[in-house]
There are 2 protein chains.
Amino acid sequence: MIKLSKLTDYAVVILAAMAGQEGGLASASSLSAATSLPEPTVSKTLKLLVRGGVITSTRGVNGGYALHCAPDKILVSTIITAMEGPISLTSCVEGSDDSCAMEGTCQLHGRWDVVNMAIKTALDNVTLADMLSRSCVKIPSFMEENVRL
Amino acid sequence: MIKLSKLTDYAVVILAAMAGQEGGLASASSLSAATSLPEPTVSKTLKLLVRGGVITSTRGVNGGYALHCAPDKILVSTIITAMEGPISLTSCVEGSDDSCAMEGTCQLHGRWDVVNMAIKTALDNVTLADMLSRSCVKIPSFMEENVRL
DNA sequence: TAAAATGGTACCAAAAACGTACGGTATATA
DNA sequence: TATATACCGTACGTTTTTGGTACCATTTTA
């Protein structure tokens, strides 16, 4: 089904809430209230986003989270990578620890990188802002020209 | 991890074997021998590829499988769709049976379609032939021009 | 009629995802 | 300095998905 995890979906919902509120830090609990998502889940999601560099965190009283940069500067690929790890479609390419089981016979070892790069490029060209724009009138950046890919 | 299932990986390996052998039909058992993959797995994979229209099948004695068209006409998106179902990243958009749990609060219901389309477009521009070309000199079709996506 | 080959379905074990909980650490304020 | 707030890291049990296999039905040729 080539689908993303629910956590990634939540991430965008949460980021949308953060982008919506003007200024200041947002705590995990306030974002939980804003999104109607359970607090532990929100917290878990935020931690991953911090680790991925999508948002920043401030500890202590009055602490919270904030977008690391403007929504139109946050790439969807960055969000997905933060939530799901590196974007690579097959186990052949992801890690070097266990080499492909059919090393000898597999005639296209690593050729998935062609596809991986295509997807990576596609995701690099969609920003959080593209996803947030409610009016369907706006044309996402990747459709502005008559590009083939 | 946004990764494909192993079956999809096997599919490409099998398709490579089919593209490699000149003419005639290939049976599941012969493809099993050619790829060193267990026969039941090969069989299962082939069934899905037939259903997806990637290959054709002939029943009965001397039957077997054949590519539906030339490798450079077979899109990676077609292969992936055959093996994993429709390409849509989140459950929000895939089926209409269970509507999004946070219908009211989710402010970007369906906005993943922007990303889905980007990925679909990317996969539509890579063919099986692109993946099979062993010489790294060949430039995949989607890289021929200076496209942004 | 028998053999070869695909078609469809069902099942079990393994792996991954989901949701949650718990203890730790940093920081502002009283 | 004490305390409350809020992030940080890890771990655990349940549920879902995937992976691999088996079984029987159907089709076609010799």
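Numbers restart at 1 for each chain; the letters A, B, ... are given by sequence-line order, proteins then strands.
The shortest heavy-atom contact between A:L7 and A:M83 is O-CE, 3.5 Å. Closest approach of A:S32 to A:E39, counting heavy atoms only: OG-N, 3.4 Å.
Of the residues in residues 43-50 of chain A, those with a non-hydrogen atom less than 4.0 angstrom from any atom of DNA chain D are A:K47.
In this structure, the separation between CD1 on A:I119 and OG1 on B:T121 is 11.5 Å, given to the nearest 0.5 Å. Here the OH-CD1 distance, from A:Y65 to A:I55, works out to 6.5 Å after rounding to the nearest 0.5 Å. The distance from the CG atom of B:L48 to the CD1 atom of B:I79 is 13.0 Å, given to the nearest 0.5 Å. Note: B:T35 OG1 to B:Y10 OH = 10.0 Å, rounded to the nearest 0.5 Å.
Spacing between atom CG of B:L25 and atom C1' of D:dT27 amounts to 14 Å, rounded to whole angstrom units. If you take CE of B:M83 and P of D:dT18, they are 12 Å apart, rounded to a whole angstrom. To the nearest angstrom, C1' of D:dT17 lies 7 Å from NZ of A:K3. When rounded to the nearest whole Å, the span between CD of B:E84 and P of C:dA16 equals 15 Å. If you take CG of A:L4 and P of C:dA16, they are 17 Å apart, rounded to a whole angstrom. Note: CD (A:E39) to C1' (C:dG19) measures 13 Å, nearest angstrom.
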N/O contacts under 3.5 Å, protein versus nucleotides 28-30 of chain D?
residue, atom, partner, partner atom, Å
D:dT28, O2, B:V61, N, 3.4

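Not one side-chain nitrogen or oxygen of B:S27 sits closer than 4.0 Å to the OP1 or OP2 atom of C:dT6. Here B:Y10 reaches the OP1 or OP2 of D:dG20: one of its side-chain N or O atoms lies under 4.0 Å away. Proximity of A:T41 to the phosphate of C:dT20: a side-chain N or O atom is located under 4.0 Å from OP1 or OP2.
Ranking D:dG20, D:dC7, D:dG19 by closeness to the A:Y65 side chain, first place goes to D:dC7. Nearest nucleotide to the A:K6 side chain, out of D:dC7, D:dG20, C:dC18: C:dC18.
Neither side chain, A:T81 nor A:T78, offers a donor N or O lying under 3.5 Å from an acceptor on the other. A donor-acceptor contact closer than 3.5 angstrom links the side chains of A:D124 and A:S77.
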- Task: Run the numbers on B:V76 and B:L128 for side chain to side chain contact (heavy atoms under 4.5 Å, CB included), then give the verdict.
- Result: CA-CA 6 Å; B:V76 169; B:L128 177 62; 5.9 Å; no
